[in-house]
Amino acid sequence: MSRFLLPDEAATLRFGMGLGAAARAGDVVAVEGMMGAGKTTLARGALRGLGYEGEAPSPTFPIVQYYSPPLVRLPAWHVDLYRLESAEEVAELGLEEAAAGVLLVEWPDKLDLRLLAGALRVRIEAAGEGGAARALTLGIPTAWEGRCPVS
């Protein structure tokens, strides 16, 4: 496990951009943290790192936002599982297709453990009182060694 601090929202976006730039087909990035911790900000950065230049909406209500080439260099699924209540609901999303690209998943504790095998685990939490600083704890699997942007 690696732990480090990001001083502000811009640093969180930059870290996410580094993840997206390093991502390969079949990668899963599992982003954990409390509501408002910055999970979506980090995922937006990853989408930018994959080449997406538009506004990336939060997938809280649609649950899945899909991005396809040429808007991104690899197909990308940005998923927020917060509102789902059962494994059956998650299974209905068909996330197995994401093996062809990159899966960015918020609230990954609701995801089938098979999809999380080999995932880069990112835990994000507020650091300090009332500021935009974030502490990241990373679980870096073998497949991400040497690629994970630990600034």
Side-chain angles (χ1 to χ4, degrees), residues 1-53 56-60 63-69 71-84 87 90-91 93-129 131-151:
M1 291 284 196
S2 294
R3 185 173 166 87
F4 62 98
L5 293 177
L6 298 171
D8 54 28
E9 184 175 342
T12 302
L13 277 169
R14 281 192 305 275
F15 177 79
M17 288 173 67
L19 288 179
R24 297 178 185 157
D27 281 342
V28 176
V29 179
V31 187
E32 305 170 19
M34 301 282 292
M35 185 77 69
K39 295 179 298 297
T40 299
T41 299
L42 191 139
R44 285 178 176 142
L47 289 165
R48 284 189 192 168
L50 285 162
Y52 188 68
E53 295 179 7
S58 169
T60 298
I63 301 172
V64 178
Q65 292 284 355
Y66 175 69
Y67 301 86
S68 62
L71 297 176
V72 287
R73 66 179 176 81
L74 294 169
W77 288 258
H78 181 194
V79 180
D80 184 333
L81 302 176
Y82 177 76
R83 295 182 329 114
L84 299 187
V90 175
L93 298 176
L95 296 177
E96 297 80 18
E97 291 178 38
V102 178
L103 177 61
L104 306 166
V105 59
E106 300 180 36
W107 304 97
D109 56 314
K110 298 181 180 192
L111 197 59
D112 184 326
L113 292 177
R114 290 173 293 168
L115 286 174
L116 290 175
L120 174 65
R121 305 291 296 237
V122 181
R123 174 124 189 105
I124 186 168
E125 50 199 344
E129 294 193 28
R134 296 292 182 254
L136 290 187
T137 304
L138 302 175
I140 304 172
T142 304
W144 274 92
E145 288 177 0
R147 291 194 290 141
C148 187
V150 286
S151 64

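What you see below is based on every heavy atom in this structure, not just the backbone, and it leaves out hydrogens, waters and symmetry mates. Along the sequence shown, residues are numbered consecutively beginning with 1. On a predicted model such as this, the values are computed, not experimentally measured, just so you know.
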>> With heavy-atom distances below 4.5 Å as the criterion, would you say the side chains of Pro149 and Leu19 are in contact?
In response: yes

> How far does CG of Leu116 sit from NZ of Lys110, to the nearest 0.5 angstrom?
Replying inline: 13.5 Å

> For the atom pair OG1 (Thr12) and CG (Leu136), what is the distance rounded to the nearest 0.5 Å?
Replying inline: 6.5 Å

> Are Phe15 and Leu138 side-chain neighbours, meaning at least one heavy-atom pair lies under 4.5 Å?
Replying inline: yes

> Which is it for Tyr67 and Leu47 under the side chain to side chain contact (heavy atoms under 4.5 Å, CB included) test, yes or no, and what are the steps along the way?
Replying inline: CA-CA 9 Å; Tyr67 301 86; Leu47 289 165; 3.7 Å; yes

> Can you tell me how far the CD atom of Glu106 sits from the OG1 atom of Thr60, to the nearest 0.5 Å?
Replying inline: 6.5 Å

>> Closer than 3.5 angstrom, by distance alone: can the side chain of Arg3 be matched with the main-chain N or O of Ala135 as a donor-acceptor pair?
In response: no

> Does some side-chain heavy atom of Pro69 sit less than 4.5 Å from a side-chain heavy atom of Leu74?
Replying inline: no

>> Can you confirm whether Glu145 is buried at CD, in the sense that more than 12 heavy atoms of other residues, nucleotides or ligands lie under 6.0 Å from that atom?
In response: yes

>> Once ring-ring contact (aromatic ring centres under 6.0 Å, His included) is applied, do any residues pair with Trp77, and if so which ones, sequence neighbours excluded?
In response: Tyr66

> Below 4.5 Å, heavy atoms only, C-beta onward: do Leu81 and Leu93 meet side chain to side chain?
Replying inline: yes

> Is a side-chain donor or acceptor of Arg44 paired with a backbone partner of Ala56 at a separation under 3.5 angstrom?
Replying inline: yes

>> Are more than 12 heavy atoms, taken from residues, nucleotides or ligands other than Glu9, located less than 6.0 Å from that residue's CD atom?
In response: no

> Under 3.5 Å, is there a donor-acceptor pair between the side chain of Arg73 and the main chain of Ala21?
Replying inline: yes

>> Can you confirm whether Glu97 is buried at CD, in the sense that more than 12 heavy atoms of other residues, nucleotides or ligands lie under 6.0 Å from that atom?
In response: no

Which atom pairs, donor and acceptor, lie under 3.5 Å between side-chain atoms of residues 26-38 and protein residues at least two apart or in another chain?
| from | atom 1 | to | atom 2 | distance (Å) |
| --- | --- | --- | --- | --- |
| Asp27 | OD1 | Arg147 | NH2 | 3.2 |
| Asp27 | OD2 | Arg24 | N | 2.7 |
| Asp27 | OD2 | Arg147 | NH1 | 2.8 |
| Asp27 | OD2 | Arg147 | NH2 | 3.3 |
| Glu32 | OE2 | Arg121 | NE | 2.9 |
| Glu32 | OE2 | Arg121 | NH2 | 2.4 |

>> My understanding is that only residues two or more places apart in sequence, or in another chain, count here; which of them pass side chain to side chain donor-acceptor pair (under 3.5 Å) with Thr41?
In response: none

> Taking the side chain as C-beta and beyond, is there a heavy-atom pair between Thr40 and His78 under 4.5 Å?
Replying inline: yes

> What are the two closest non-hydrogen atoms of Ala43 and Leu104, and how far apart are they?
Replying inline: O-CD1, 4.0 Å

